[in-house]
2 protein chains.
Amino acid sequence: MRITSLEEYGLRCALQLAKFKKKSTLVSASQIAELEGLSVEYVSKIMHLFRKAGVVESTRGIQGGFSLAKMPTDFSVKEILDVFAVTQKGNDDLQGFCTNHAGTQSECVHKSQCSIRPVWVHIFDVFDRVLCSITLENLLEGSSALSEKIRSVNFAEQTKEERK
Amino acid sequence: MRITSLEEYGLRCALQLAKFKKKSTLVSASQIAELEGLSVEYVSKIMHLFRKAGVVESTRGIQGGFSLAKMPTDFSVKEILDVFAVTQKGNDDLQGFCTNHAGTQSECVHKSQCSIRPVWVHIFDVFDRVLCSITLENLLEGSSALSEKIRSVNFAEQTKEERK
DNA sequence: TTAAAACATCACAAATTTGTATTGATTAGC
DNA sequence: GCTAATCAATACAAATTTGTGATGTTTTAA
C-alpha cells in the first residue's frame with residue numbers, strides 16, 4: 001500500500017497552487033519547482049497532467065503560469081490524487097483488481113467466489129470517505145484542523161457496493 | 001495510492017494458508033499455486049518472504065510444506081501486508097516520506113514546516129485502524145461479517161502522533 | 001521584429017518492481 | 001543409498017514507473 005511519487009509531489013504542487021490561488025496570482029512551473037525543490041521538468045509534467053484533468057488552467061507566454069481551476073475549498077484531496085491514478089496501472093478505483101494476474105491462467109480463479117475483492121472494496125471505501133472530505137483548504141489550515149475534520153467523517157454508512 | 005502485486009497475491013496466499021491451518025494440514029507452494037492460478041516460483045517467493053517475517057513455518061522434504069505460524073484469528077491483515085512493505089521503497093510506515101525526492105535539493109524543503117506529512121499521518125492512521133482490526137478469520141467469514149467489523153472500528157480516538 | 005520567459009508535447013534513460021529461472025539443500029519412502 | 005518432491009536462496013529478464021531532455025509554440029515587452 002503505497003503512495004506513488006506523482007501523488008506525493010502532485011499534492012505538494014497542488015498546495016502551492018492553492019496558496020497562489022488565494023492571492024489571485026498566477027504561478028509558473030519554475031516558481032513551484034523552486035518552492036518545492038523539484039526540477040522544472042518534473043513540475044511541468046505534473047502541471048501537464050493537472051491541466052489535462054481540468055485541475056488547473058494555464059496561460060502561455062512570458063508572465064504566464066498556472067492557476068487552480070477552482071478555489072481550494074472546492075477541491076478534495078481525492079480529486080487531486082485521481083489525476084495520477086489514471087496514469088498508473090493498478091489504481092484505487094478497483095478496476096483491474098481481478099484482471100491483472102501473475103499467472104498461469106488467463107482469467108481470475110476467484111471469478112465466481114473472490115474473497116479478496118470485498119476486502120479492498122471496504123478498505124478503499126473508508127479511504128475514499130476520508131480523501132473526499134478533506135479539501136486543499138483544510139490542508140492549508142494545518143494539522144489540528146485536519147485532525148478534527150477526519151474525526152467528523154461518517155464511516156458507518158453503507159458503501160456504494162452494498163447499496164447496489 | 002495503490003496496492004502492490006505482492007500485497008494482493010500475498011494476501012490471497014495468506015488466505016489459503018489460513019484455510020489449511022484450520023484443517024491442521026501443511027500446504028505446499030505448488031498446491032497454493034494451483035489454487036490461486038499463480039506460478040510455483042512466484043508463490044515460493046511469497047512463502048520465502050512470509051517465512052523470513054515469521055508468518056509461516058516451513059517443513060522441508062517430500063510431504064513438506066507451509067503452515068501459518070498462528071491461527072487465522074490471530075493474524076491481522078496489516079501483519080500480512082507489512083511483510084511486503086519492507087521490500088518496497090515508499091511504504092506505509094511513513095519512513096522515507098521526507099527523504100525521497102525527485103529533486104534538486106538533498107534535503108526536504110519542508111523540513112521545518114511540512115504541510116504534507118500530517119496528511120499522510122492522519123490518513124494512514126485511519127487505514128491502520130482498519131487493517132489492524134481485520135483478521136484473516138474475518139476475511140474467511142465473508143463480506144457482510146467484514147462490513148460489520150469495519151463499522152465497529154473506532155476512528156475517533158487520538159492518533160499515535162497526537163499522543164506524543 | 002526580436003528576444004526572453006513561459007507553457008506543450010513527446011521521447012527516452014534510469015530506477016524500481018515484477019515475475020521467472022536456476023541451482024542447491026532437505027526429507028520421506030522405496 | 002537413491003530418487004522424487006519439496007523448501008531455500010539468489011540471480012536475472014521483462015515490465016513499469018520515475019524523472020530528465022529536447023524541441024516547438026505562445027505571449028509580452030523592448
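Order of the sequence lines fixes the chain letters, A, B, ..., with proteins taken first and strands second; residue numbering starts at 1 for each chain.
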Could you go over nucleotides 28-30 of chain C and give all protein N or O partners under 3.5 Å, atom names and distances?
none

### Task
Please state whether the phosphate of C/dA8, meaning OP1 or OP2, lies under 4.0 angstrom from any side-chain nitrogen or oxygen of A/Ser58.
yes

### Message
For A/Phe50, give me all partners under ring pair (Phe, Tyr, Trp, His ring centres under 6.0 Å), at least two apart in sequence or on another chain.
### Response
A/Phe84

## Note on the structure
Result for side-chain contact (heavy atoms from CB on, under 4.5 Å) between A/Ile32 and one of A/Val43, A/Leu38, A/Val40 points to A/Val43

### Query
Atom CD of A/Glu41 and atom C1' of D/dT17: how far apart are they, to the nearest Å?
18 Å

#### Entry: Gap between atoms CG and P, on A/Leu26 and D/dT26 respectively (whole Å)
19 Å

### Task
Compare side-chain N and O positions of A/Ser5 against OP1 and OP2 of D/dG19 and report whether any pair is under 4.0 Å apart.
yes

### Query
Applying side chain to side chain donor-acceptor pair (under 3.5 Å), which residue pairs with at least one partner in residues 46-64 of chain B are found, sequence neighbours left out?
none

### Task
Please name all residues satisfying side chain to side chain contact (heavy atoms under 4.5 Å, CB included) with B/Ala53, sequence neighbours left out, ordered by chain then number.
B/Val55, B/Val83

### Task
Calculate the interatomic distance between A/Glu8 atom CD and D/dG19 atom C1'; express it in whole Å.
15 Å

### Message
For DNA chain C, which residues of residues 45-55 of chain A approach it to below 4.0 angstrom with any heavy atom?
### Response
A/His48, A/Arg51

### Message
Suppose we screen for side chain to side chain contact (heavy atoms under 4.5 Å, CB included). Which residues come up paired with A/Leu140, at least two apart in sequence or across chains?
### Response
A/Leu15, A/Ala18, A/Lys19, A/Lys22, A/Glu137

### Query
C/dT18 C1' sits how many Å from B/Ile3 CD1, rounded?
16 Å

### Query
Excluding sequence neighbours, so at least two apart, what forms side-chain hydrogen bond (donor to acceptor under 3.5 Å, both in side chains) with A/Ser5?
none

### Message
Does C/dG19 have its OP1 or OP2 closer than 4.0 Å to a side-chain nitrogen or oxygen of B/Tyr42?
### Response
yes

### Task
Could you tell me whether B/Ser44 contacts a base, only the sugar-phosphate backbone, or nothing, with contacts defined as non-hydrogen atoms closer than 4.0 Å?
nothing

### Query
What residues, two or more places apart in sequence or in another chain, satisfy side-chain hydrogen bond (donor to acceptor under 3.5 Å, both in side chains) together with B/Thr135?
B/Asn138

### Query
Partners of A/Glu148 by salt bridge (charged side-chain N to carboxylate O under 4.0 Å, His left out), sequence neighbours excluded?
A/Arg151

### Task
Give the nucleotide from the list D/dA8, C/dC7, C/dT18 with an atom nearest to the side chain of A/Ser28.
C/dC7

### Query
Roughly, in whole Å, what's the span from OH in A/Tyr9 to C1' in D/dT18?
10 Å

### Message
Rounding to an integer number of Å, can you tell me how far A/Leu38 CG sits from D/dT18 P?
### Response
14 Å

### Task
Please determine if A/Lys23 forms a cation-pi arrangement with A/Phe20, meaning its NZ or CZ atom is less than 6.0 Å from the six-membered ring centre and no more than 45° off the ring axis.
yes

### Task
May I have the distance from B/Phe66 (atom CZ) to D/dA5 (atom P), rounded to whole angstrom?
17 Å

### Query
Quick one: A/Phe84 CZ to D/dG19 P, roughly how many Å, whole number?
12 Å

### Query
Counting side-chain heavy atoms from C-beta on, which of D/dA8, C/dC7, C/dT20 comes nearest to A/Ala29?
C/dC7

